[in-house]
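Can you keep this structure in mind? I'll have questions shortly.
We name chains A, B, ... by the order of the sequence lines, and we start the count at 1 in each one.
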Amino acid sequence: MGVQLGQIVSPTEVPLDSLKGKKLALDAYNMLYQFLATIRQADGTPFTGDGGEVTSHLVGLLYRTTSLLVNGIRPIYSFDGKPSPLKLNTLKARARVKERATQEWEAALQAGDLPLAKKKAAQTSRLTEPMVADAKELLDALGVPWVQAPSEGEAQAAQMARRGDVWAAASEDYDTLLFGTPRLVRGLAALKHSLRDTGSVRVLSAEEVLSQLSLSLPEFIVMCLLIGTDFNEGFQGIGPKRALKLAQEHLGFEETIRRVGGDPATLKEVADLFGNPPFTPEYRLVWTRPTPEKVMRLLVDRHGFEEARIARTVEKLGDVDLSTPPKPLQTALDDFEGRT
DNA sequence: CCAGAATA
DNA sequence: TATTCTGGG
């Protein structure tokens, strides 16, 4: 879920075309969970292969990845590793939500309420080890790089962007901003476009966000700690609005925390996690042609996808330009940043 | 979610 | 030809 910043940040809408030739580090779990939530039948049943194994995430990953590549975007997927102990409460809470949603899904089915059933089913999504292994194997077969983060995939993506290895981190959550990304791309979940509307995504520039809010990055992090993150609970009666106001008083870390009755020592640990998150420098940003036989073996032979359909999809990648432009075209956002 | 068929 | 619906696994 991540920190709730939707109320107080305003993204810039940019045409999809402006991402052409750019490398993006994608939060793989964020994306795979979205596929698992949405790619379901009317009654909420996920797609499965012959053996009953869930395949919704592979459907989504295949089509999303080809769509990105055809649009000239160079994705690298960042997979979650071991969660921080600080996240255990959040994970337990999510597990409880899933248990309840599973019961409510069944109840909705009994009542014959399909829309409700699908909505509840979406909340039951689980990403298992074999499912993750399949996703990585599919990326390998497609010639798309991925990296195994030591801990948070979002932190890994953010650090890659901070080091300038990729143009931006991409996730629907805002946590990459806390993890220090200079840019966050949202809205890759709706790439579909027509002739008049050529598609667009939302970009958040960290520099722009901070200057709009009149906050330093450490103050921004404190604000988020007040609101609550996946790694700490937040405070009763403090939402985005009040947290922003308090952070804007520039009282410093300890005093700001004390104002809401929090313990600076405990929260310092969370602030450090955001400010200096674990990541690995061992990743290779190399995109190659897909290996159709590998894609076929995985999706058709092992998971029962329709051969002709997959062949058609992989074919589209044949004439994708995989080179990285030495001098990327300047976008409106780059121009804006250049002046600030 | 995306692709392709159906539709108007 | 652009938009809506349905099937995919």
Side-chain angles (χ1 to χ4, degrees), chain A residues 1 15-17 19 24 26-73 75 77-79 101 105 114-115 117-128 130-139 141-142 144 146 153 170-173 185-202 290 292 294-320:
Chain A
M1 190 57 92
L16 192 58
D17 260 359
L19 297 185
L24 299 183
L26 313 196
D27 177 3
Y29 272 46
N30 183 270
M31 195 171 275
L32 293 176
Y33 268 110
Q34 272 171 358
F35 295 146
L36 287 172
T38 56
I39 302 177
R40 289 171 182 267
Q41 304 177 89
D43 67 353
T45 312
F47 286 15
T48 57
D50 303 330
E53 77 282 7
V54 174
T55 51
S56 294
H57 62 306
L58 297 176
V59 177
L61 186 62
L62 172 71
Y63 291 125
R64 171 67 58 78
T65 304
T66 53
S67 169
L68 291 173
L69 290 169
V70 166
N71 278 287
I73 295 168
Y77 288 83
S78 174
F79 286 83
W105 179 14
L114 286 186
K118 194 166 186 184
K119 190 175 156 190
K120 292 301 174 183
Q123 298 170 2
T124 66
S125 306
R126 282 192 167 83
L127 192 54
T128 65
M131 289 163 73
V132 172
D134 281 345
K136 291 172 176 173
E137 194 176 330
L138 177 56
L139 291 172
L142 291 173
V144 169
W146 55 269
S171 173
E172 298 311 304
D173 289 351
V185 173
R186 301 185 77 225
L188 285 183
L191 291 183
K192 193 170 166 103
H193 53 86
S194 51
L195 279 180
R196 61 178 315 135
D197 174 18
T198 53
S200 64
V201 295
R202 263 68 59 204
K294 284 186 182 171
V295 179
M296 293 302 172
R297 227 174 295 141
L298 174 68
L299 296 185
V300 179
D301 300 345
R302 289 210 338 249
H303 291 301
F305 283 57
E306 192 199 318
E307 183 167 8
R309 189 183 257 257
I310 303 308
R312 223 178 302 135
T313 303
V314 174
E315 241 171 68
K316 288 187 190 170
L317 298 176
D319 42 36
V320 167

Could you give the NE2-to-C1' distance, from A/His303 to C/dG8, as a whole number of Å?
-> 15 Å
Which parts of residues 52-66 of chain A get close to DNA chain C, meaning a heavy atom less than 4.0 angstrom away?
-> A/Thr55, A/Val59
Any donor-acceptor N/O pair, A/Thr124 side chain to A/Ala101 backbone, under 3.5 Å | no
Figure out the NZ/C1' separation between A/Lys118 and C/dT6, and round it to whole Å.
->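 Taking atom C1' of C/dT6 as the reference, NZ of A/Lys118 is at 11 Å.
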Closest approach of A/Arg40 and A/Ser125, non-hydrogen atoms and distance?
->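 Heavy atoms of A/Arg40 and A/Ser125 come nearest at NH2-OG, 3.2 Å.
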For the pair made of CD in A/Gln41 and P in B/dC1, what is the distance, rounded to whole Å?
->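 That distance rounds to 17 Å.
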Are the side chains of A/Leu58 and A/Phe35 in touch, meaning some heavy atoms are under 4.5 Å apart?
-> no
Euclidean distance, atom CD of residue A/Glu315 to atom P of B/dA3 [Å, nearest integer] =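 A/Glu315 atom CD is separated from B/dA3 atom P by 14 Å.
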Quick one: does A/Ser56's side chain have a donor or acceptor within less than 3.5 Å of a partner on A/Leu36's backbone?
->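 It does not hold such a pair.
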Taking C-beta and beyond as the side chain, do A/Leu68 and A/Leu26 meet within less than 4.5 Å on heavy atoms?
->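 SC-SC contact between A/Leu68 and A/Leu26 confirmed.
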Near DNA chain C, which residues from residues 42-49 of chain A have a heavy atom under 4.0 Å away?
-> A/Pro46, A/Phe47, A/Thr48
Could you pull out every donor-acceptor pair under 3.5 Å between side chains of residues 303-310 of chain A and any protein atom, sequence neighbours left out?
unit_1	atom_1	unit_2	atom_2	d
A/His303	ND1	A/Glu53	OE2	2.8
A/His303	NE2	A/Asp134	OD2	2.9
A/Arg309	NH1	A/Tyr63	OH	3.4

Would you say A/Arg309 reaches B/dC2's phosphate, i.e. side-chain N/O to OP1/OP2 under 4.0 Å?
-> no
Treating a pair as Watson-Crick (purine N1 to pyrimidine N3 plus N6-O4 or O6-N4) or G-U wobble (N1-O2 and O6-N3) with both distances under 3.5 Å, list the stems of 3 or more consecutive pairs that involve DNA chain C.
->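 Counting only runs of 3 or more consecutive pairs, the stems involving DNA chain C are B:1-8 with C:1-8.
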Judged by modelled atom types alone, do A/Asp43 and A/Thr45 share a side-chain donor-acceptor pair under 3.5 Å?
-> yes
Taking CG from A/Leu317 and P from B/dA3, how many angstroms apart are they, rounded to a whole number?
->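 Spelled out: CG on A/Leu317 to P on B/dA3 is 11 Å.
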Are the side chain of A/His57 and the backbone of A/Met131 linked by a donor-acceptor contact shorter than 3.5 Å?
->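 Judged by distance alone, yes, a pair lies under 3.5 Å.
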Please say whether more than 12 non-hydrogen atoms of neighbouring residues, nucleotides or ligands are located less than 6.0 Å from NZ in A/Lys136.
->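 Counting neighbours around NZ of A/Lys136, more than 12 heavy atoms of other residues, nucleotides or ligands fall under 6.0 Å, so yes.
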What distance separates A/Ile73 CD1 from A/Leu19 CG, expressed to the nearest 0.5 Å?
-> 4.5 Å
Interface residues of residues 26-40 of chain A with DNA chain B (non-hydrogen, below 4.0 angstrom) | A/Thr38, A/Ile39
Can you tell me the distance, in whole Å, between the CZ atom of A/Arg312 and the P atom of B/dC2?
->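 Interatomic distance, CZ of A/Arg312 to P of B/dC2: 17 Å.
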Quick one: ring-ring contact (aromatic ring centres under 6.0 Å, His included) partners of A/Trp146, sequence neighbours excluded?
-> A/Phe79
